[in-house]
Amino acid sequence: MQSNEEAFSEAVSLLRSSRWTVVFTGAGVSAESGIPTFRDQLSSLWEQYDPEQLATPAAFRRDPNLVWGWYEWRRALAANARPNPAHLAIAALERYLPHLKLITQNVDDLHERAGSSHTIHLHGSLDAPRCFACARPFNQQRCVAGDTLHIPPPRCMHCNGRIRPGVVWFGEMLPRRELQSAFQAAKACDLLLSVGTSGLVYPAARIPEIARMNGAKIIHINPESAEVSGDCLLRGSAATWMPNLIAKAFL
Ligand code: NAD
Ligand code: ZN
């Protein structure tokens, strides 16, 4: 097993020599902005719920007020959060790696707010609600909710259907164009930096697999993940490693 020092110097030289780079992020990159991952302890309000049980079409049908309340709580968290040094470092990477593609599983907008110019969102966005019945986008102003478990979703002005969050729920298809662009980028890259993702949620988890199959090197930044043979693993937090990597590789 590589030590963190060995992994760090390997990662620095991989970054310096990369021409076609993909950064692939998951919930861990926003953890240090105060947005919990699905595996973190939640606030006392929500601790009795399993996020994976709330993030499904069946859960919305069963209890739309609870599911809408959950997403309104998450939307408020994201709205009040600020990009952390990992988001900022990823945005800064564009200056040094002109062919960089950023692919995220996150539904917050912290990459955009950090200055990343184009982000492929595989799992949608907290800020793009649409009708559960007719799928038309819902553009009306919503106020940011407080700490309430049950909030009735607004109604669609076209068909009176319930409005649902614009995220991809477990068991749903990913947006086709985004998934295609992500697979293409994974095929073409020579280096993929996987930051703060458990690699358990498919089909997004295929992205590093595709990159590896096509000969790319992979760097993981994660306090917990297990080592994959041949990959470079920096064990620890994204907000610590990302700025250090850029400083050493390019400044
Ligand atoms: P995940 O919850 O499955 O895994 C998060 C990973 O981040 C874990 O491997 C964990 O060890 C790692 N991690 C925790 N803190 C970290 C840190 N400070 N630095 C680096 N890594 C850290 O998240 P996932 O892989 O993105 O998949 C779950 C799904 O949940 C996603 O598809 C996403 O749509 C959704 N989600 C999104 C957000 C968000 O938008 N911020 C938050 C939670 C969940
Ligand atoms: Zn409708």
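Every number for a ligand or one of its atoms is a count from 1 in the order of the listing.
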Checklist entry - Which of the listed options, Pro223, Ser237, Ala78, Ala238, holds the heavy atom that is closest to atom 21 (N) of ligand 1? => result Pro223
Checklist entry - Would a hydrophobic clustering, with Ile, Leu, Val, Met, Phe, Trp and Tyr connected at side-chain separations under 4.5 Å, put Leu179 with Trp169? => result no
Next on the checklist: Heavy-atom pairs closer than 4.0 Å: do any link ligand 1 to the side chain of Glu52, the backbone, both, or neither?
Outcome noted: neither
Next on the checklist: Within ligand 1, which atoms have a heavy atom of Arg74 less than 4.0 Å away?
Outcome noted: 38 (C), 42 (C), 43 (C), 44 (C)
Item to check | Contact check: Cys156 to the Zn ion (ligand 2), N/O/S below 2.8 Å | outcome: yes
Checklist entry - So which bit of Ile35 gets within less than 4.0 Å of ligand 1, heavy atoms only: side chain, backbone, both or neither? => result side chain
Checklist entry - Less than 6.0 Å separating the ring centroids of Trp68 and Phe60? => result no
Checklist entry - Any salt bridge between Asp231 and Arg212, counting N to O under 4.0 Å? => result yes
Item to check | Glu172/Arg164 ion pair, N-O < 4.0 Å | outcome: yes
Checklist entry - Among all protein non-hydrogen atoms, which one is nearest to atom 8 (C) of ligand 1, and what is the separation to 0.1 Å? => result Asn222 ND2, 3.8 Å
Next on the checklist: We want to know whether Thr25 and Thr104 form a side-chain donor-acceptor pair, criterion being a heavy-atom distance below 3.5 angstrom.
Outcome noted: yes
Next on the checklist: For Arg82, I'd like to know if atom CZ has over 12 heavy atoms of other residues, nucleotides or ligands within 6.0 Å.
Outcome noted: no
Item to check | Atom indices of ligand 1 within 4.0 angstrom of Ser30 heavy atoms, with elements | outcome: 41 (N)
Checklist entry - Which ligand 1 atoms, with their elements, are less than 4.0 angstrom from a heavy-atom of Val201? => result 27 (O), 28 (C)
Checklist entry - More than 12 non-hydrogen atoms from neighbouring residues, nucleotides or ligands closer than 6.0 Å to CZ on Arg206, yes or no? => result no
Checklist entry - Considering only heavy atoms, which of Trp241, Phe38, Trp169 lies nearest to atom 44 (C) of ligand 1? => result Phe38
Checklist entry - Numbering the atoms of ligand 1 from 1, which are under 4.0 Å from a heavy atom of Gly26? => result 26 (O)
Item to check | Sub-4.0 Å atoms of ligand 1 with respect to non-hydrogen atoms of Glu32 | outcome: 17 (C), 18 (N), 19 (N)
Item to check | Side chains of Thr197 and Ser194, donor plus acceptor under 3.5 Å | outcome: no
Next on the checklist: Do Glu32 and His87 pair up side chain to side chain, a donor and an acceptor below 3.5 Å, judged on atom types alone?
Outcome noted: no
Checklist entry - Just which atoms of ligand 1 are under 4.0 Å from any heavy atom in Ser198? => result 1 (P), 3 (O), 4 (O), 6 (C), 9 (O), 25 (O)
Checklist outcome for this item: Note: ligand 1 atoms sitting under 4.0 Å from heavy atoms of Val107 are 39 (C), 40 (O)
Checklist entry - When you look for heavy atoms under 4.0 Å from ligand 1, do you find them on the side chain of Pro36, its backbone, both, or neither? => result backbone
Checklist entry - What residue and atom, counting heavy atoms only, is the protein's closest point to atom 3 (O) of ligand 1, and at what distance? => result Arg39 NH1, 2.3 Å
Next on the checklist: Give the atom numbers and elements of ligand 1 that come within less than 4.0 Å of a heavy atom of Asp108.
Outcome noted: 39 (C), 40 (O), 41 (N)
Next on the checklist: Applying a heavy-atom cut-off of 4.0 Å, say which part of Gln105 lies close to ligand 1: side chain, backbone, both or neither.
Outcome noted: both
Item to check | Residues Ser237 and Thr240: side-chain donor-acceptor under 3.5 angstrom | outcome: yes
Item to check | Geometric class of the Trp20/His99 ring pair [parallel <30°, tilted 30-60°, perpendicular >60°] | outcome: parallel
Checklist entry - Where is the nearest protein heavy atom to atom 17 (C) of ligand 1: which residue, which atom, and how far? => result Gly28 O, 3.4 Å
